Amino acid sequence: MRQLVVTSALALSLVIPQGTSMVTANDSVIVSENFDGIQNGTLPNDWKVVEGTGEVQDGKLVLQSAATNRPARVVVPLADDNNGNYVFEADMTFVSAVEDTRWASIMYRVQNENYPYYQFAVRRGTSALNGMEFAERTEKNTWNVTETNFYKENFQYNKSYRLKVIASKNRVQQFVNGELVVDTAGASKWQNGDIGFQAVGSTVQYDNVKLTSFTGELPPVENSGALLPTEAPTDIINPPTLISGTKVTSLQHATASAMLKVDRGTDGNLYANGKRLIDQLNLLKNKKIPVLHIEQAGIEESIIDALNETQTTDVQVISSDAEIVKAIKSLNPKIRGGLVYERGPLNERGLQQIVDKVHESGSKMVLFPQKNLSPDVVYYLHNRMVSVWGVSDDKLADQHELIHLGVDGLVTNQPALAEKAFTQYPENTIIQRPIVSAHRGVPSLAPENTMVGYQMAFDLGADQIETDVQRTKDGQLVIMHDNTVDRTTNGTGAVDQLTLAEIRELDAGIKYDPKYAGEKVPTFKEFLQAFKGKDIVLLVELKDHDIEQQVIDEISAEGMMDQVVMQSFYLDSMQVMNEIAPQLPIGYLFSAAVPSSYEAKVKNAKKMVDYGTLNDVTLNASYGTVYEEFITYMRQRGVMSMHWTFRSEEPFVDKLKQGLIGPITDYSQWLSESPVYLESPVKKLNIKSGKTHTVRAKAKLSYRLDNRERIDTVLYVKDNTGAVRVEGNTIQAIAPGNAQVFVKHTFEMLGEEWSLVSEPIEVTVK
């Protein structure tokens with residue numbers, strides 16, 4: 001896979017307490033201008049054009065800039081700037097732009113009626129990762145961009161957006177239409193100054209300008225930043241995130257999220273778990289991630305109003321009605337969605353319908369009651385990029401059962417029991433083996449992107465087979481990673497300059513090893529047909545633009561829409577794919593540097609998860625891009641991901657320990673021989689004091705095959721109450737009481753020792 005590097009600074013929307021951004025009764029209006037009484041071709045008194053072209057036209061301030069090197073700037077000198085503590089607001093409208101990267105801004109704390117200054121800059125293509133900026137024009141008249149973010153849509157031509165800046169000492173918050181988009185403490189160099197307007201490579205209108213003194217206080221930026229809640233300590237690799245149920249009233253438990261059942265009261269206000277929603281959101285701020293469970297249609301706009309009023313930007317909305325989730329996301333597509341499924345047991349057809357509905361609604365997770373879940377259900381959904389949350393019953397054994405089902409989120413009204421369950425597992429416990437995607441087959445054992453390599457990956461037990469699709473000169477889809485055939489075949493030339501017949505004459509195996517001589521470059525159709533109806537998911541990467549519909553047509557013709565996951569480095573291609581096949585899981589491939597500080601890492605994680613949510617894609621980043629905080633951040637928010645490309649054991653082990661869900665690897669054999677999960681023959685056991693009982697377990701060796709074998713195990717007790725003693729596979733009853741006894745299998749993988757543990761056996765000694 002080719003590497004796309006995201007180079008922009010990764011800032012993000014942050015959360016502030018309610019009311020801190022409001023103008024108080026003590027604040028005074030410094031500037032108020034709607035340009036209605038200003039003659040065309042002029043400016044209000046004392047306003048100055050310091051560069052380029054700017055004038056009032058038909059009641060609007062219009063700035064025109066034909067090129068990046070010819071900006072237009074207008075500055076408003078201030079006799080009273082309240083020491084730079086003010087709220088600066090204006091309506092901004094793009095009339096035209098040379099390209100989507102061109103921008104306009106409102107400037108503040110302008111020095112010397114020219115520069116240096118700070119600015120809130122907005123590109124026409126605001127949905128890009130750096131679509132909005134907090135930037136400073138330095139004393140040397142150069143740019144220093146320290147914070148960037150994106151908006152939920154590109155700014156449309158001839159549509160007004162309300163920009164607002166609150167500047168208070170070194171603190172700055174920037175808003176679009178009331179939504180906080182940049183929050184920084186980086187305005188320390190200049191703490192007073194004028195205001196102004198700028199356009200670069202664009203024609204922009206400004207209107208309804210208002211500058212008000214600000215005497216309030218903005219919270220410290222560290223108290224309003226991205227949230228990574230601390231969870232219960234455990235030795236489980238990739239444990240489920242804990243979510244407080246609706247009956248939990250304390251915030252003291254080590255849960256990441258809190259479930260809020262929301263509806264409208266008879267007084268017209270929104271309530272969550274019996275309290276006003278706004279109060280609940282403020283209570284959770286900087287402590288827990290709110291998960292809003294909504295079953296009442298028609299309150300979607302009120303939900304958005306409450307989120308904006310409390311500046312809650314990190315939130316999940318779930319419902320059994322996909323239309324409610326769609327309605328919420330139509331108002332703000334950065335809100336994560338999820339579906340609730342509460343009906344009876346599921347067959348494979350029902351599971352696929354859930355997959356379709358989850359992705360069609362722009363969601364990435366589904367919530368089930370515990371009784372409807374099984375390891376096979378969780379595996380089926382995971383393999384199709386759907387995160388699974390389970391609602392626990394109220395016993396300790398129920399918490400253990402959900403953990404062993406492999407869920408990503410555990411919703412419980414008894415978080416203390418879940419925390420206790422977490423403590424009872426040995427070091428390096430793997431509950432279930434990660435999803436394994438075989439990268440171009442098994443290039444470590446066979447030539448890449450060949451049928452022999454794909455079949456080998458299947459035989460090794462891979463859960464997914466990853467491949468690359470391009471189009472030939474005569475419009476046929478073939479499997480090839482590089483733009484040319486030079487590296488992997490005995491031919492030369494660009495794929496798009498060769499016909500299918502010419503490519504099929506090439507040998508795709510002889511360069512790898514003479515024993516593979518005669519292997520052909522597969523067509524996409526040949527690849528599909530080889531695995532049609534088999535228990536395997538195909539991870540298809542598009543290497544060309546404008547082949548999206550053709551790819552879908554070939555998949556549909558084979559009746560394999562339920563077996564395919566899509567990905568690409570081309571985000572625009574995946575956006576097209578979401579439009580034409582919204583039921584498919586879609587992944588965005590990218591690579592970026594890892595931030596240095598903890599705060600920057602969490603900010604980066606939030607920004608990228610928000611970006612993936614906005615574009616309805618999973619974040620299939622290179623393994624060097626993700627880190628423990630990023631992986632945890634995604635898991636806490638119900639986001640699945642696949643990560644590429646593992647070719648050495650050390651980083652593989654490192655990322656597995658950090659909780660990696662989906663490795664894409666050239667070495668499927670590294671994981672294929674490890675057990676998938678361990679089953680205990682009994683969940684409850686009554687033994688008389690002085691007696692013994694032997695317990696042996698079987699392991700399931702493959703997700704795809706229903707094969708269970710007895711393997712070497714020992715019994716394990718973490719919190720021994722003195723009721724039992726264990727030796728090997730034998731439990732000896734010592735004294736009346738209770739104990740949780742696990743069956744444990746220890747195995748070697750990737751040069752490390754790992755533990756596979758069964759659900760605990762509840763032993764009662766009488």
Side-chain angles (χ1 to χ4, degrees), residues 229 240-246 255-263 272-273 284 288-297 299-300 303-304 307 312-343 346 350-370 372-373 377-378 380-382 384-392 402 405-412 578 582-583 585-586 606 609-610 612-619 633-641 661:
T241 188
L242 297 182
I243 301 116
S244 297
T246 56
T255 55
S257 303
M259 189 74 67
L260 302 176
K261 187 67 180 293
V262 181
D263 50 32
N273 300 351
L284 294 175
K288 308 286 183 186
I289 308 159
V291 180
L292 309 185
H293 184 179
I294 307 168
E295 297 295 340
Q296 183 179 356
I299 64 173
E300 294 86 357
I303 294 285
I304 297 297
L307 295 175
T312 301
T313 61
D314 183 6
V315 62
Q316 190 108 5
V317 169
I318 65 173
S319 178
S320 63
D321 185 348
E323 295 306 314
I324 289 177
V325 176
K326 290 179 184 177
I328 290 284
K329 290 186 68 66
S330 70
L331 296 170
N332 187 347
K334 289 199 295 185
I335 294 175
R336 298 181 303 279
L339 298 187
V340 177
Y341 185 91
E342 297 177 328
R343 295 191 291 277
L346 288 160
L351 281 172
Q352 187 56 44
Q353 289 175 341
I354 288 176
V355 172
D356 293 347
K357 288 181 179 179
V358 167
H359 293 302
E360 285 172 352
S361 68
S363 301
K364 288 291 175 281
M365 62 79 64
V366 62
L367 182 145
F368 289 92
Q370 186 166 346
N372 288 348
L373 286 172
V377 166
V378 174
Y380 187 95
L381 295 170
H382 276 176
R384 290 154 179 84
M385 297 294 101
V386 177
S387 181
V388 181
W389 288 4
V391 181
S392 168
L402 269 179
L405 287 170
V407 297
D408 309 283
L410 194 162
V411 182
T412 177
N578 269 324
Q583 74 274 34
I586 305 294
K606 182 184 191 302
V609 167
D610 285 350
T613 302
L614 172 72
N615 291 289
D616 193 16
V617 293
T618 55
L619 298 171
Y633 195 97
M634 289 190 285
R635 173 173 51 78
Q636 288 181 341
R637 288 153 180 84
V639 177
M640 293 286 291
S641 54
I661 296 172

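Computed from a prediction, not measured in an experiment: that's the story for all the values here.
Looking only at distances, no side-chain donor or acceptor of D321 sits under 3.5 Å from a matching main-chain atom of A297. Side-chain atoms of E342 do not come within 3.5 Å of backbone N or O of S320 as any donor-acceptor pair. Counting only distance, with no hydrogens or angles, the side chain of Q296 and the backbone of V262 share no donor-acceptor pair below 3.5 Å. Judged by distance alone, the side chain of K288 and the main-chain N or O of T255 form a donor-acceptor pair under 3.5 Å. A donor-acceptor contact shorter than 3.5 Å links the side chain of S319 to the backbone of I294.
Between atom CG of residue L410 and atom CD1 of residue I243 there is a gap of 7.0 Å, rounded to the nearest 0.5 Å. Here the CD1-CD1 distance, from I328 to I318, works out to 12.5 Å after rounding to the nearest 0.5 Å. A distance of 9.5 Å separates CG in N273 from CG in D263, rounded to the nearest 0.5 Å. In this structure, OG1 on T618 lies 9.0 Å from CE on M640, to the nearest 0.5 angstrom.
For the pair V358/V355, no side-chain contact is recorded, criterion being any heavy-atom separation below 4.5 Å from C-beta on. In this structure, P240 and L402 have side chains that are not in contact, with every pair of non-hydrogen atoms separated by 4.5 Å or more. Side-chain atoms of L292 and V315, non-hydrogen and from C-beta on, do get closer than 4.5 Å to each other. Looking only at side-chain heavy atoms (C-beta outward), I354 and L339 stay at 4.5 Å or farther from each other. Within the 4.5 Å cutoff, no side-chain heavy atoms of N615 are placed close to those of N578. Side-chain atoms of N332 and L307, non-hydrogen and from C-beta on, never get closer than 4.5 Å to each other. With a 4.5 Å cut-off on side-chain heavy atoms, E360 and P582 count as touching.
Nearest heavy atoms, W389 versus Q636: CZ2-O, 4.0 Å. Scanning both residues, L373 and G390, for their nearest heavy atoms gives CD1-CA, 3.9 Å. Listed here is the closest heavy atom pair of H359 and R384: NE2-O, 3.0 Å. Of all heavy-atom pairs between T412 and S392, the closest is CB-CB, 4.2 Å. Contact record, E300 with A327: CG-CB, 3.6 Å, taken as the closest heavy-atom pair. Closest approach of M365 and G638 over heavy atoms only: CB-O, 3.8 Å.
Exactly one of L381, T241, V386, V388 qualifies for a side-chain contact (heavy atoms from CB on, under 4.5 Å) with D408. That residue is V388. Across K334, K606, R336, a single residue satisfies side-chain hydrogen bond (donor to acceptor under 3.5 Å, both in side chains) together with D314, and that is R336.
With sequence neighbours excluded, the residues satisfying ring-ring contact (aromatic ring centres under 6.0 Å, His included) with Y341 are F368. Residues that satisfy the salt bridge (charged side-chain N to carboxylate O under 4.0 Å, His left out) test with E323, not counting sequence neighbours, are K326.
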